[in-house]
J.: 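One structure, as structure tokens, below. Some questions next.
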Amino acid sequence: MAIVGGGPGGLYAAALLKRLDPAREITLWERNAPEDTFGFGVVLSDETLGGIEHADPDVYRALRKDFVRWDDIDIVHRGVRHTSKGHGFAALGRRRLLEILHERCRSLGVDLRFRTQAPAPAHLAEEYDLVIAADGVHSGTRETYADVFSPQVTGHRCRYIWLAADFAFDAFRFDIAETEHGVMQLHGYPYAADASTVIVEMREEVWRASGFDELDEDESVERCAKIFAEALGGRPLKSNNSAWTAFRTVVNARWSHGNVVLLGDAAHTAHFSIGSGTKLAVEDALALAACLTEHPRLRTALSAYEEERRPVVASTQRAARASLEWFENIGLYLGQPPRRFAFNLLTRSRRVTHDNLRLRDPHFTGAVEREFGCPPGTPPMFTPFRLRGLTLRNRVVVSPMDMYSAVDGLPGDFHLVHLGARALGGAGLVMTEMVCVSPEGRITPGCTGLYTGRQTDGWRRITDFVHERAPQAAIGVQLGHSGRKGSTRLMWEGMDEPLPDGNWPLVAASPLPYRTGSQTPRQLGRAQLVDVREQFTAAARRAARADFDLLELHCAHGYLLSGFLSPLTNHRTDAYGGSLARRLRFPLEVFDAVREVWPAERPMTVRISAADWAEGGTSTDDAVGIARAFAEHGADAVDVSTGQVVAEERPEYGRSYQTPFADRIRHEVGIPVIAVGAISSWDDVNSLILAGRTDLCALARPHLYDPNWTLHAAAEQGYTGPGAEWPAPYRAGSRPPRTGRADAPKPRLTL
């Protein structure tokens, strides 16, 4: 076996593989000297250490002797320090880690070749049964076979430098410095009794404005020490061939090619702010060694290794990306109260949550809740929220979900039961599906409408039920027009597929079919634009007569108004196409017309797609501009979704994956937002609201799974109060039913 790269991942893989089978001949090449290393301290989780202990107790015992452990995280913001306890870290010097692994490899008989460039990957692949490429983020092996591995390397917006201090911080410390040139941050943690890692980070433009791009290594180190003199107690910093660099996220479509396999940073990277690089490499080594032991055929073993590790790595990279972007945009949060800022920082990756912190440090979490305004015993999600003349009893929204169950646009018994059940289920606001403003504006023949008096009466039947039987719940209507995505089959018959017969003509911003085989819409002329605007205002008047509490204008997901906003779907050359201001023109005209006829005391929101997930589509800056424009025209909140604008989209799915868009709009525009997208637990809702990333959370599928989702969230948290009152007929079910026997004799003795 050949291993390229003598970092922790390569060394640990060598030691494990040799220990599992002493007959293996393992050669490791490292171009640097044994004592050379970059960076200073390494943080390992208890989970990773447990894996090491199980796989190689000798290595674990050696590591344990040198570990520095601590529990606290300190966050210093505008001169105020807040401490969160109970986190549990273990760290040691990177050089000491390498020494332990060197010793272990030598004792097992691994051939370590330092100060030696590895032979070419193709040569190694011919001469060895297995080649493990652990040659880091700049992997030459990966580049040699780039056509197979298909690496995607993404640069980011911050510069950072890896330094050290000759004293031990008493906690994992984050310090924020607001300088004349912009925001800088320090990440520091102890890795020995007398030493700490210190990383200084800032956005590229701040780095240049501060003159760091013109300083040498010694000058940069001295300057960083002055900026963070208070955190360092006036002590100096030291470097180790330290240089300013920009983090790069590495993703590979494949991790193996023939008998060559990628490991650690060669295969994937995750931002240092969640301390995962060495952790992932060591865990890769554990998994690879296990798979090679369990599967006698190399090809099967390498496939099993990738199958096991890829989901774990993808999850870590999503968390790391969220953390990285939080620090890139840290300036958005500087105005938050100190405790809430600290909570926001701690939960930035979405892996640490409100419930995690409440278990680890109830004192800190309770203080954040009090600062936010939670009454005693009230989770953040059950605090009220006001939009214009409407006060919502809690922060939970039943997201609009098309049910495709109407006949000629008329809502029936199904809609009464569907929406009524969710209103009884405790949500603060229940939204209808997209209600279409004309027969031609329907997505499918099963979509509801508000273009006839009968439809108005049908909706009034539903709102009357909600207001009478679930008086603490509000019900909102979402008005929209399908645009180029209309005249399709019911979802379960073929989503977005054209009807086999009975099609109606489509209209859109530009004559572009949604996908191959879709109908080509007609581009709306000026007269037709006026007609569509009047259809929206007529529907809004009917919605008011139907007694909806809130109206949302649907400008997302590639439907008609969304089609004007995205540069991918608006190719017009008139006053309604081109620049963002021109693309906004018609949606704003519709908004203004609807707002004029919608009762002044009732709130009006707008749903937007903040990203098209396709090259050349709506950017985050565009999304902020769109939200700002609607806010200036009187929108009371922005419902921030993404995607479904073009068929070739490639969304980056993950937990709460759309929330960062809402977060940015909330802080840059200063308007309330509704966050959507894979928010599935009450813990997520509490975390997002308390961190200040959103004001309301809209959940779709969880409410299909459980119409009483909100009431059950209250019961699971032990909350009883005005934010989630059980309807009188349901109160007997407010506790989970008992299961199994509870009358077995209790043990009388403990031996």
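Everything quoted here is computed from the prediction, not taken from an experiment.
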J.: Checking S273 against S323 for the side chain to side chain donor-acceptor pair (under 3.5 Å) test, could you report, in this order, the C-alpha distance in whole Å, the side-chain angles of both residues, the deciding distance, and whether it holds?
T.: CA-CA 7 Å; S273 62; S323 178; 2.6 Å; yes
J.: Nearest 0.5 Å, please: how far is CD in Q478 from CG in D639?
T.: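 Atom-to-atom, D639:CG and Q478:CD are 7.5 Å apart.
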J.: Please confirm whether the backbone N or O of L186 pairs with a side-chain atom of D175, one donor and one acceptor, at under 3.5 Å?
T.: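 Judged by distance alone, no pair lies under 3.5 Å.
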J.: Would you check if L163 and C224 make a side-chain contact, meaning some heavy-atom pair closer than 4.5 Å?
T.: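 Sidechains of C224 and L163: in contact.
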J.: Given 3.5 Å as the limit, does a donor-acceptor pair link the side chain of S734 with the main chain of R731, or not?
T.: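 Yes.
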J.: Using salt bridge (Lys or Arg N to Asp or Glu O under 4.0 Å) as the criterion, list what pairs up with R388, not counting sequence neighbours.
T.: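 Once residues adjacent in sequence are excluded, the partners of R388 under the salt bridge (Lys or Arg N to Asp or Glu O under 4.0 Å) criterion are D636.
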J.: Could you tell me which residues satisfy side-chain contact (heavy atoms from CB on, under 4.5 Å) with R386, sequence neighbours excluded, listed by chain and number?
T.: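 So R386 forms a side-chain contact (heavy atoms from CB on, under 4.5 Å) with T391.
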J.: To the nearest 0.5 Å, tell me how far L324 CG sits from E201 CD.
T.: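 Those atoms lie 7.0 Å apart.
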J.: V183: what forms a side-chain contact (heavy atoms from CB on, under 4.5 Å) with it, not counting sequence neighbours?
T.: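 For V183, the residues satisfying side-chain contact (heavy atoms from CB on, under 4.5 Å) (neighbours in sequence not counted) are I176, Q185, I330, L334.
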J.: For F167 and A231, which heavy atoms make the closest approach, and how far apart are they?
T.: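 Here F167 and A231 meet closest at CZ-O, 4.1 Å.
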J.: Consider only side-chain N and O atoms of R360 and H87, and report whether a donor and an acceptor are under 3.5 Å apart.
T.: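 Yes - a donor-acceptor pair under 3.5 Å links their side chains.
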J.: Taking it one step at a time, do V396 and W709 satisfy side chain to side chain contact (heavy atoms under 4.5 Å, CB included)?
T.: CA-CA 10 Å; V396 179; W709 186 88; 4.1 Å; yes
J.: Which heavy atom of A225 sits nearest a heavy atom of L237, and at what distance?
T.: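 Here A225 and L237 meet closest at N-CD1, 3.7 Å.
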J.: Using atom types as modelled and distance alone, determine if a side-chain donor or acceptor of T179 lies under 3.5 Å from a backbone N or O of H181.
T.: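 Looks like yes, one N/O pair under 3.5 Å.
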J.: Is the positively charged end of R159 above the ring of W207, judged by distance under 6.0 angstrom from the centroid and angle within 45° of the axis?
T.: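 Flagged: R159 positioned over aromatic ring of W207.
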J.: Only pairs at least two apart or in different chains count here, so list each ring pair (Phe, Tyr, Trp, His ring centres under 6.0 Å) that has a residue in residues 344-395.
T.: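 Passing the test, one end in residues 344-395: F382-Y719.
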J.: Do M381 and T378 have side chains that get closer than 4.5 Å, going by heavy atoms?
T.: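 Answer no - side chains too far apart.
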J.: Applying side-chain contact (heavy atoms from CB on, under 4.5 Å), name anything that partners A423, two or more places apart in sequence or on another chain.
T.: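 Only V430, V466, A470, A473 meet the side-chain contact (heavy atoms from CB on, under 4.5 Å) criterion with A423.
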J.: What's the verdict on side chain to side chain contact (heavy atoms under 4.5 Å, CB included) for R157 and E204, showing C-alpha distance, side-chain angles and the deciding distance?
T.: CA-CA 6 Å; R157 302 170 71 175; E204 174 89 15; 5.7 Å; no
J.: Closer than 4.0 angstrom, basic N to acidic O: yes or no for D621 and R664?
T.: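 Salt bridge present between D621 and R664.
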J.: Only one of D71, D72, D361 forms a salt bridge (Lys or Arg N to Asp or Glu O under 4.0 Å) with K85, so which one is it?
T.: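 Running salt bridge (Lys or Arg N to Asp or Glu O under 4.0 Å) over D71, D72, D361 with K85 returns exactly one hit, D72.
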J.: Kindly determine whether S399 and R607 satisfy side chain to side chain donor-acceptor pair (under 3.5 Å), including the steps that lead there.
T.: CA-CA 11 Å; S399 197; R607 174 168 275 205; 3.1 Å; yes
J.: Check whether any side-chain N or O of R235 sits under 3.5 Å from a backbone N or O of L232 as a donor-acceptor pair, and report yes or no.
T.: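 Checked: pair present.
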J.: I'd like to know whether CZ of R735 has more than 12 heavy-atom contacts from other residues, nucleotides or ligands below 6.0 angstrom.
T.: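 Incorrect, the count does not exceed 12.
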J.: Counting N and O atoms only, with roles assigned by atom type, does the side chain of Q317 sit under 3.5 Å from a partner on the main chain of A270, one being a donor and the other an acceptor?
T.: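 No, because the side chain of Q317 does not come within donor-acceptor range (under 3.5 Å) of the backbone of A270.
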J.: Please walk me through it: do K238 and D166 pass side chain to side chain contact (heavy atoms under 4.5 Å, CB included)?
T.: CA-CA 8 Å; K238 65 179 183 179; D166 289 328; 3.2 Å; yes
J.: Side-chain contact, heavy-atom cut-off 4.5 Å: L387 with L550?
T.: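 A side-chain contact exists here, since the closest heavy-atom pair is under 4.5 Å.
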J.: Any side-chain to backbone donor/acceptor pair from D695 onto V673? Under 3.5 Å, distance only.
T.: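 Yes.
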J.: Is it true that a side-chain atom of S196 and a backbone atom of F169 form a donor plus acceptor pair closer than 3.5 Å?
T.: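 Yes, the answer is positive, given that a donor and an acceptor are paired below the 3.5 Å cut-off.
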J.: If I compare all heavy atoms of L392 with all of A474, which pair ends up nearest, and what's the gap?
T.: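 Where L392 meets A474 most closely, the heavy atoms are CD2-CB, 3.7 Å.
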J.: For S681, which residues count as a side-chain contact (heavy atoms from CB on, under 4.5 Å) partner, sequence neighbours excluded?
T.: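 Only D683, D684 meet the side-chain contact (heavy atoms from CB on, under 4.5 Å) criterion with S681.
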J.: Are there over 12 heavy-atom neighbours, none belonging to E222, within less than 6.0 Å of that residue's CD?
T.: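 12 or below, so no.
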J.: Are side-chain heavy atoms of N708 and L711 found at a separation under 4.5 Å?
T.: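 With C-beta onward as the side chain, the pair touches.
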J.: Do the ring planes of Y160 and H271 sit parallel (below 30°), tilted (30 to 60°) or perpendicular (above 60°)?
T.: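 Ring orientation, 0 to 90° scale: perpendicular.
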J.: Using side-chain heavy atoms (C-beta onward) and a distance below 4.5 Å, is S84 in contact with L357?
T.: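 Of all side-chain heavy-atom pairs linking L357 with S84, at least one is under 4.5 Å.
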J.: Any non-hydrogen side-chain atom of N686 less than 4.5 Å from a side-chain atom of T353?
T.: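 A side-chain contact under 4.5 Å is absent here.
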J.: Does R666 pair with D663 as a salt bridge, N-O distance under 4.0 Å?
T.: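 So R666 does not pair with D663 through a salt bridge.
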J.: With a 4.5 Å heavy-atom cut-off, do T316 and L280 have their side chains touching?
T.: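 Counting from C-beta outward, T316 and L280 do come under 4.5 Å.
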J.: Considering residues at least two apart in sequence or located in another chain, which fulfil the salt bridge (Lys or Arg N to Asp or Glu O under 4.0 Å) criterion with D66?
T.: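 With neighbours one apart ignored, the set is R96.
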J.: Is any side-chain N of the basic residue among E178 and R78 closer than 4.0 Å to the acidic one's carboxylate O?
T.: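 Here E178 pairs with R78 in a salt bridge, since their nearest N and O are under 4.0 Å apart.
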J.: Side chains of R351 and S315: is there a donor and an acceptor less than 3.5 Å apart?
T.: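 Side-chain D/A pair, R351 to S315: present.
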J.: Do T249 and H268 have side-chain heavy atoms sitting under 4.5 Å apart?
T.: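 Not in contact.
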J.: In chain order, what residues pass the ring-ring contact (aromatic ring centres under 6.0 Å, His included) check against Y730, with sequence neighbours excluded?
T.: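 Per chain and number, Y730 pairs via ring-ring contact (aromatic ring centres under 6.0 Å, His included) with no residue.
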J.: Any side-chain to backbone donor/acceptor pair from Q658 onto V676? Under 3.5 Å, distance only.
T.: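 Present.
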J.: Ring pair (Phe, Tyr, Trp, His ring centres under 6.0 Å): which pairs involve residues 651-692, sequence neighbours left out?
T.: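 Sorted result for residues 651-692: Y333-H667, W613-F661, Y653-Y657.
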J.: For R350, what residues pass the salt bridge (Lys or Arg N to Asp or Glu O under 4.0 Å) criterion, not counting sequence neighbours?
T.: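 Here no residue qualifies.
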J.: Centroid-to-centroid, H187 to F327, below 6.0 Å?
T.: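 Centroid distance H187-F327: below 6.0 Å, so yes.
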J.: Evaluate the ring planes of H712 and W726, with Trp represented by its six-membered ring, and classify them as parallel (under 30°), tilted (30 to 60°) or perpendicular (over 60°).
T.: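 Plane angle between 30° and 60°, so tilted.
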J.: Report, one line per pair, each donor and acceptor closer than 3.5 Å where one atom sits in a side chain of residues 338-345; sequence neighbours left out.
T.:
unit_1: R340; atom_1: NE; unit_2: L690; atom_2: O; d: 2.8
unit_1: R340; atom_1: NH2; unit_2: I689; atom_2: O; d: 2.8
unit_1: N344; atom_1: OD1; unit_2: W326; atom_2: NE1; d: 3.0
unit_1: N344; atom_1: OD1; unit_2: R693; atom_2: NE; d: 3.2
unit_1: N344; atom_1: OD1; unit_2: R693; atom_2: NH2; d: 2.9
unit_1: N344; atom_1: ND2; unit_2: Q336; atom_2: OE1; d: 3.0
unit_1: N344; atom_1: ND2; unit_2: A691; atom_2: O; d: 3.2

J.: Test Y189 against every option in F172, F40, F174 by the ring-ring contact (aromatic ring centres under 6.0 Å, His included) rule and name the one that passes.
T.: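 Output: one option passes, namely F172.
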J.: Mind checking what makes salt bridge (Lys or Arg N to Asp or Glu O under 4.0 Å) contact with R223, not counting sequence neighbours?
T.: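 Partners of R223 under the salt bridge (Lys or Arg N to Asp or Glu O under 4.0 Å) test: none.
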J.: Just checking E230: does its CD atom have more than 12 heavy atoms from other residues, nucleotides or ligands closer to it than 6.0 angstrom?
T.: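 No - once you tally the heavy atoms of other residues, nucleotides and ligands closer than 6.0 Å, there are 12 at most.
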